[in-house]
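Both backbone and side-chain heavy atoms feed into the values below; hydrogens, waters and symmetry mates do not.
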Amino acid sequence: MSDEAEAGVLRALQAALAAEHAAVYGYGVVGGRIGGQRLAEARSAYDAHRAGRDALVREVRDLGGAPVAASAAYALPFAVTDTATALRLAADLEERVADVYSDLVRASSGERRGSAAAALREAAVRAVRWSGESVAFPGLAERAGSGAGAGTGSGTDSGAAAGGSASPSLSASATP
């Protein structure tokens, strides 16, 4: 793999890691607003994102990178005040996670591509479970209107830290 290709994979891994950090935070919010069976689903998703985060940390280190740290707090895209908005946040988180995993699929090959495709699929399935709606191409439909990442080959620009398309709905915030 060329140095340029390896750098692209590392950027995509870091963006996916940032997305997983934000998803873990977001599911903390979701879990505080829902109950019953949906709470068990939120816990399962929370655990899945923690596992994804930990795996990505290892992958970034294996490529010689320093894993991006979680932010101290994240600004939610809307107020989460009840079960309905918590469900909407969960669906939004999963759609955004699928978005960054599509970048990792595009940037990688072999086993890493397979793992990224599996993570994209899992996020897309969770998004459908939360929202009741699906899209033809998870991870890509979100870009149709905005053009974010379209045609760039990596889609993992520096927007990850600033809440751009590489961020899973939550933007880093300096205040708790």
Side-chain angles (χ1 to χ4, degrees), residues 1-28 44-77 89-127 135 137-174:
M1 177 181 303
S2 73
D3 288 345
E4 186 176 318
E6 191 169 304
V9 170
L10 185 56
R11 281 191 304 274
L13 284 167
Q14 293 280 34
L17 177 55
E20 293 290 11
H21 283 313
V24 167
Y25 179 91
Y27 272 103
S44 177
Y46 174 79
D47 290 342
H49 287 293
R50 286 180 54 203
R53 174 200 64 196
D54 295 347
L56 288 165
V57 164
R58 287 188 297 275
E59 286 195 62
V60 167
R61 286 187 178 139
D62 288 349
L63 285 179
V68 63
S71 295
Y74 294 85
L76 299 174
L89 177 61
D92 191 57
L93 288 168
E94 297 298 349
E95 290 166 3
R96 304 290 181 119
V97 167
D99 182 34
V100 295
Y101 274 110
S102 72
D103 291 339
L104 185 54
V105 168
R106 189 171 31 259
S108 59
S109 61
E111 187 177 327
R112 182 173 286 127
R113 176 177 269 172
S115 296
L120 188 159
R121 182 186 64 243
E122 291 166 11
V125 167
R126 282 191 298 265
V135 295
F137 298 103
L140 299 178
E142 298 81 11
R143 298 163 187 244
S146 69
T152 64
S154 73
T156 55
D157 59 30
S158 60
S165 68
S167 173
S169 174
L170 303 176
S171 57
S173 173

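The two residues Arg113 and Val105 have their closest heavy-atom pair at NE-O, 2.8 Å. Here the closest heavy-atom approach between residue Ala16 and residue Val100 is recorded as CA-CG2, 3.8 Å. The shortest non-hydrogen separation linking Gly8 to Ala107 is O-CB, 4.0 Å. Summarising the geometry of Ala23 relative to Val97, their closest heavy-atom pair is CB-CG2, 4.0 Å, with the distance given to 0.1 Å.
A salt bridge links Asp103 and Arg106; the closest N-O separation between the charged side-chain nitrogens and carboxylate oxygens is under 4.0 Å. Between Asp92 and Arg96 a salt bridge is recorded (basic side-chain N to carboxylate O distance below 4.0 Å).
In this structure, CZ on Arg112 lies 7.5 Å from CG on Leu104, to the nearest 0.5 angstrom. Rounded to the nearest 0.5 angstrom, Leu10 CG and Leu17 CG are separated by 10.5 Å. Between the CG atom of Leu13 and the OG atom of Ser108 there is a distance of 7.5 Å, given to the nearest 0.5 Å. Atoms CZ and OH, on Arg50 and Tyr27 in that order, are 14.5 Å from each other to the nearest 0.5 Å.
Side-chain contact check for Gln14 versus Val9: every heavy-atom pair is 4.5 Å or farther apart. With contacts defined as side-chain heavy-atom distances shorter than 4.5 Å, the pair Leu56/Pro67 does not qualify.
Judged by distance alone, the side chains of His49 and Glu94 do bring a donor and an acceptor atom under 3.5 Å apart. Side-chain polar atoms of Tyr25 and Glu20 form no donor-acceptor pair below 3.5 angstrom.
In this structure, the side chain of Glu59 does not engage the main chain of Asp54 through any donor-acceptor pair within 3.5 Å. When atom types are taken as modelled, the side chain of His21 and the backbone of Val68 share a donor-acceptor pair closer than 3.5 angstrom. Without hydrogens or angle criteria, Ser71 side chain to Tyr74 main chain gives no donor-acceptor distance under 3.5 Å.
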